[in-house]
2 protein chains.
Amino acid sequence: MSRRSAGSGSVTLEDVAKVAGVSRATVSRVVNGSTTVDPALRKVVEKAIAATHYVPNRAARSLVTRTTGSIALVVSEEGRGDHHGGENPPFAGRIFSDPFFGRIVSGVMQYIRSRGVQMVLLLVDDDESRHQLLGYLRQGHVDGVVLISTHAADLLPQLLAEADVPVVLSGRPAQPTPISYVEVDQRAGVAMAVDHLVARGRTRLATVSGPQDTPAGRERLAAFRERLAAHGLAEVAAVEGDFTQASGAAAARELLAAAPGAGDVDGLFVASDLMALGALPVLYRAGRRVPEDIAVVGFDDSSAALACDPPLTTVRQPVEEMASQMANLLLQQIAAPESTLQSSMFQPTLVVRESS
Amino acid sequence: MSRRSAGSGSVTLEDVAKVAGVSRATVSRVVNGSTTVDPALRKVVEKAIAATHYVPNRAARSLVTRTTGSIALVVSEEGRGDHHGGENPPFAGRIFSDPFFGRIVSGVMQYIRSRGVQMVLLLVDDDESRHQLLGYLRQGHVDGVVLISTHAADLLPQLLAEADVPVVLSGRPAQPTPISYVEVDQRAGVAMAVDHLVARGRTRLATVSGPQDTPAGRERLAAFRERLAAHGLAEVAAVEGDFTQASGAAAARELLAAAPGAGDVDGLFVASDLMALGALPVLYRAGRRVPEDIAVVGFDDSSAALACDPPLTTVRQPVEEMASQMANLLLQQIAAPESTLQSSMFQPTLVVRESS
DNA sequence: TTGTAAGCGTTATCAC
DNA sequence: GTGATAACGCTTACAA
């Protein structure tokens, strides 16, 4: 085939109709699986479709049906205090290097691919890109949105809800908002971690928390304190990270500086595996053996947990399943826009490895 | 705003024209930035557009222009020997958990976002999904494809080239194919790694190679041997991995079993950081100190390199830049379909850290 | 059950 | 420079 081969896709319904000796409408009915078509004729039409290599033109179809068969996966990093301060590149690619991101993509794709739905990936990281997103959605190029929003101050969940765009949010919205969402039971997960440490005989517990401008960061810290209290304990220390590996290392240093006495802290809950990955070498170099001197539990069960040495005990979030469920709820909402909003809560599990 | 607010996006060119007191055609000209329109009228029209919150309907536009303003990022895992043998989930999500993937997404997005182009993510991992992809492309929902293909036996590069779809491939095609591509100078990168190890006084060199059914895996192994020969050396051992962390660990074990004498191997080139991440703890547990007993160099400079302990010396691939360039070449090709095919080669750099 | 015909919202080719 | 008007390829009443 040459580069100048017949403009593929240019065969129309009309062409098929001509070949099959029927009307355009009948071909359309066959293509769309209408039941009201004579089986014999259908055979003929199907043959004609195969012969002509017909494929429907999506744009034309969209124009009349006002649906597109695709959804957007929107990653919103907006609402952060730091507006990419000195990052390299300036582009907010941090999220794409988080193991979390890949799992979400995987989960969404797994759900939609067999349903003939496509996914377009969009990033929002400032006012301009948010504005562009809103425009894009109004242009009607997607039927709905799976929204990954990390920060509590993010305006997007509310805006999308108001704009009447079918949308499912990752995590409970920070402000009460009429929006569907899928969450993990953070409280239960953290409780598992704390209970596990206590069961291992640890009583001097500290935490490396997530950023307090995110719901996940806040909830996990609160749950940590709450569960500690239930055991009649109080935290020895709490240092805030930002869910990155580097911040985990920094937090560990801070922790050691604050509690220099050997054996001061004997159990550590780190609010994400990636931070734990950063923290472990720091502990190790400071002469603290894991788990002997200090038992460590992470959160997520991301690939970072297995990259840890020793392998990290962690609270598993079923991220892929949650992402699939987001896609599921979204597709339901698209199919029945006026149905009531639904949300799902997933239970985490404790994965015990060698770090505790 | 209620959930029943005015059907957003339903304001048409005609509506704007009515408000502005001009014809539909003129509004269209303004929207598309045509120069042949009276500045005064343009002002009026722009005001009307703002007043009505008009946004163009993409489907209608696509239908007539036959372009979509979006491209596909196609990840093709096809051509592997193992057809997801016993993987959990069966879905081929391996690629999404590779740090590589996020960097590619980041690079492509960075390039296209300011140009108003959108990206849809597609996965091909078997005959059926490949067939679906071809159909999808013919439906004309994207203007072109950035193709990430990992395996040498993959049919997709050839098929897309034949189908006359604008496409840019990651890496040189395994079979000579009329297709644009972006590659890294594997040979130069591996040479840096080997030279570095030799400069460190290492002479008993081994490698954990990538899978030999991928171009990257093959080229790096060949280049390793070639460069070794240039130094008058020969490899002590070469064990094949599959670019995953687990395979790196397995390879390290095999290596130790094959060369059990202490000090047998004093330098190790691992063909990807992720495999190095798996290999290091195995070496460590076997009593080999890194870098004292055995110096290790990786490839990629992915996040895995920093997750290593000690931090990994590695050959940096400018993945984001390469991905951006893929997008760039693709957009060029879309704009001028008959122009000659272009390819780019990027130079890697050596990032020296503590593992060697 | 099938065909006819009227749009869907744009862009593009013409005259003016 | 501007305005009719004809496509673009499809779905969908409505008629037959």
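Chain letters run A, B, ... following the sequence lines, proteins first and then strands; every chain starts at 1.
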Task: Lys/Arg-Asp/Glu bridge criterion (N-O < 4.0 Å) met for B:Lys18, B:Asp15 - done: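 No, no charged N to carboxylate O under 4.0 Å.
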Task: Terminal axis angle for the helix from C:dT1-D:dA16 to C:dC16-D:dG1, five pairs an end, nearest 10 degrees - done: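 Rounded value for the end-axis angle: 40°.
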Task: Which residues share a side chain to side chain contact (heavy atoms under 4.5 Å, CB included) with A:Arg24, sequence neighbours left out - done: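 A:Leu13, A:Glu14.
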Task: Pairing residues for A:Ala72 by the side chain to side chain contact (heavy atoms under 4.5 Å, CB included) criterion, not counting sequence neighbours - done: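 Residues passing side chain to side chain contact (heavy atoms under 4.5 Å, CB included) with A:Ala72: A:Val74, A:Leu122, A:Val142, A:Val145.
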TODO: On DNA chain D, check which nucleotide each of B:Val22 and A:Ala59 is closest to and give me the residue with the more 5' one.
DONE: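 Comparing both residues, the 5'-ward one is B:Val22.
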- [ ] Indicate whether the side chain of A:Gln325 and that of A:Ser344 have a donor and an acceptor atom separated by less than 3.5 Å.
- [x]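 Looking only at side-chain atoms, A:Ser344 and A:Gln325 do form a donor-acceptor pair, the distance falling under 3.5 Å.
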Send over the distance from [X] [atom1] to [N] [atom2], rounded to a whole Å.
X	N	atom1	atom2	result
A:Arg66	D:dC10	CZ	P	18 Å
A:Leu63	D:dC8	CG	C1'	9 Å
B:His141	D:dG9	NE2	C1'	13 Å
B:Lys18	C:dG9	NZ	P	12 Å

Open item on the list: Within this structure, what is the CE-CG distance for the pair A:Met109 and B:Leu123, rounded to the nearest 0.5 Å?
Closed with: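 Rounded to the nearest 0.5 Å, the CE-CG separation comes to 4.5 Å.
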Open item on the list: Does the structure place the NZ or CZ of A:Arg115 under 6.0 Å from the centre of the six-membered ring of A:Tyr111, at an angle of no more than 45° from the ring's axis?
Closed with: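 Yes, A:Arg115 sits over the ring of A:Tyr111.
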Open item on the list: Test: salt bridge (charged side-chain N to carboxylate O under 4.0 Å, His left out). Region: residues 168-182 of chain A. Which pairs qualify, not counting sequence neighbours?
Closed with: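 As it turns out, the salt bridge (charged side-chain N to carboxylate O under 4.0 Å, His left out) pairs with a partner in residues 168-182 of chain A, which skip direct neighbours, are A:Arg172-A:Glu183.
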Task: Annotated protein contacts, base or backbone, on nucleotides 11-16 of chain D with a non-hydrogen cut-off under 4.0 Å, one of B, S, - each - done: BBB---
Task: Minimum-distance nucleotide (side-chain atoms of A:Thr12 versus C:dT2, D:dT2, D:dC10) - done: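 Nearest listed nucleotide: D:dC10.
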- [ ] Please list all pairs passing the side-chain hydrogen bond (donor to acceptor under 3.5 Å, both in side chains) test where one or both residues lie in residues 36-49 of chain B, with sequence neighbours left out.
- [x]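 side-chain hydrogen bond (donor to acceptor under 3.5 Å, both in side chains) check on residues 36-49 of chain B returns B:Ser34-B:Thr36.
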Task: Under-4.0 Å side-chain N/O to phosphate OP1/OP2 contact, A:Ser23 with C:dG3 - done: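 Answer is yes, contact under 4.0 Å.
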